[in-house]
Amino acid sequence: MARPVLPTVVLVVAGAAWLVLYLLGQGTGAGDHGGHLHAGRAAAGTGAAALTGWALMVVAMMLPPALPLLRVLQRLVARHRTRHLLVASAAGAFLAVWVVVGALLVAGELVVLAVTGGAWRPAPQVLVGGVLVLAGAFQLSPLKRRCLTACRSPRTFAVAHWHGERRPAVEAATIGVAYGASCVGCCWALMAVCLAGGTAHLATMVPLAVVMAAERTTRTGLRLVRPIGVAAVLLGLVLLLGTPS
C-alpha cells in the first residue's frame, strides 16, 4: 500500500461509516433522541444494534486521527512481504479496543435498565447536560493532558512495542492496542457525549469529531483542551438548569 494510498483508504472507510450513520439518522428521525440508535436503550433496539452504531461511530470519528500511527507503522514494515496486512492488523486492533469499550458501556446500561425495570430513563436534556459537565471536568484534569500528550506521539508506541521478538502481525496488533488504549484515555469523555446525544445524531458527532481530531493532530491541540473543557461544562450547566422541573 503506497503512502498516498493509505490516507485514501482510511478516508473512504471513514466516509462510508459516516454515510451509514447519516442514513440511520434519516431512517430513525434525526431530531428524536428516543428513536436514535442509542447505546443500551430499549427504545432504540437490541444491544447488538446499539453496539453496531457505536462501532460505526468509532470508525467514522477515530480512524482518521489514527493516520499518523498507521503511517509510522507503514514505514516500519515497508520491507515486509505482508506489510499491507500488518498495517491493517494495527488498524483493526486499534478499532477493537474502542469496540470493547462500547460493549462495556452497552452492557452496563442494559444491566441498569434490567435492575430498574426500565424506570431509569432521564430526559435527553438531562442526560446530555450531565455528560457534558462530566466531559468538561475530565478535559480540565491532568489525566486528560497525559493521555493526549501520549496520543499525539504515535512514534513512541511503535518504538515501545516493535521488538522483532514475536510474529510481525502480533507486534503490529500490539501497537494498535496500546495506541487505542491511549486514545480511549484521551477521548472517552467526549465520545460519551456522542452516546448521550445518540450515535446517529450527526449534529452532535460532527463537531465533536472535529474537536477530537484537532486535539490529537494539530500543533495547537494541547492549547485547545482547557477552552473546550470550560465550554463543555458551561453548555452542560445551561442544559441542566434549563430543564423543566
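Being a predicted model, the structure only gives us computed values, none of them experimental.
Judged by distance alone, with hydrogens and angles left aside, the side-chain atoms of R152 form a donor-acceptor pair with the main-chain N or O of T218 at under 3.5 Å. In this structure, S153 contributes its side chain and T149 its backbone to a donor-acceptor pair below 3.5 Å. Judged by distance alone, the side chain of Q125 and the main-chain N or O of L239 form a donor-acceptor pair under 3.5 Å. With E171 contributing its side chain and R166 its backbone, the two residues share a donor-acceptor pair below 3.5 Å. Looking at K144, its side chain does come within 3.5 Å of a backbone N or O of C186 through a donor-acceptor pair. Side-chain N or O atoms of Q139 include none that pairs as donor or acceptor with a backbone N or O of I228 at under 3.5 Å. In this structure, the side chain of R71 does not engage the main chain of P7 through any donor-acceptor pair within 3.5 Å.
Taking both residues in full, the closest heavy atoms of V77 and R83 are given as O-CB, 3.2 Å, listed atom of the first, atom of the second, then distance. Nearest heavy atom pair, residue P154 against residue C151, reads CD-O, 4.1 Å. The shortest non-hydrogen separation linking A93 to V177 is CB-CG2, 3.8 Å. Smallest separation of non-hydrogen atoms from G236 and L132: CA-CB, 3.7 Å. Of all the heavy atoms in L148 and L222, the pair that sits closest is CD2-CD2, 3.6 Å. Residues V87 and Q74 approach most closely at CG2-CA, 3.9 Å, considering heavy atoms.
In this structure, C187 and R216 have side chains that are in contact, with non-hydrogen atoms separated by less than 4.5 Å. The side-chain heavy atoms of V72 and P68, taken from C-beta on, include no pair separated by under 4.5 Å. Counting heavy atoms from C-beta on, the side chains of V106 and W54 never come closer than 4.5 Å. You'll find the side chain of V193 reaches within 4.5 Å of the side chain of L208, heavy atoms only. When side chains are defined from C-beta on, L202 counts as touching W18, because their heavy atoms get closer than 4.5 Å. Taking the side chain as every heavy atom from C-beta outward, V58 and M191 approach each other to under 4.5 Å.
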Take M57 and M62 through the test side chain to side chain contact (heavy atoms under 4.5 Å, CB included) and record every step on the way to the result. CA-CA 8 Å; M57 188 171 73; M62 292 290 109; over 6 Å; no
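Hydrophobic clustering places V59 together with V206 (ILVMFWY residues linked when any side-chain heavy atoms are closer than 4.5 Å, directly or through intermediates). In this structure, V100 is not a member of the same hydrophobic cluster as L51, with clusters built from ILVMFWY side-chain heavy atoms closer than 4.5 Å. In the hydrophobic clustering of this structure, L63 does not group with V210; members are Ile, Leu, Val, Met, Phe, Trp, Tyr whose side-chain heavy atoms approach within less than 4.5 Å, directly or through other members. Linking Ile, Leu, Val, Met, Phe, Trp and Tyr whenever their side-chain heavy atoms come within less than 4.5 Å leaves L234 and V225 in two separate clusters.
The CG atom of L67 lies 9.5 Å from the OG1 atom of T217; values are rounded to the nearest 0.5 Å. To the nearest 0.5 Å, atom CG of residue L73 and atom NE2 of residue H80 are 9.0 Å apart. Annotation: the span from L70 atom CG to L76 atom CG amounts to 12.5 Å, rounded to 0.5 Å. Distance check, rounded to the nearest 0.5 Å: CD1 of I175 to OG1 of T156 gives 11.5 Å. Considering CG of L56 and OG1 of T52, their distance stands at 7.0 Å, rounded to 0.5 Å. For the atom pair CZ of R145 and CG of L143, the computed distance is 12.0 Å after rounding to the nearest 0.5 Å.
Residues satisfying the side-chain contact (heavy atoms from CB on, under 4.5 Å) criterion with V184, sequence neighbours excluded, are V97, W98, V101, W188. Take Y179 and apply the ring pair (Phe, Tyr, Trp, His ring centres under 6.0 Å) test, not counting sequence neighbours, and it matches F94, F157.
Grouping Ile, Leu, Val, Met, Phe, Trp and Tyr by side-chain contacts under 4.5 Å, direct or through others, leaves L85 on its own.
A side-chain contact (heavy atoms from CB on, under 4.5 Å) with L240 holds for exactly one of V128, L235, V133; it is V133.
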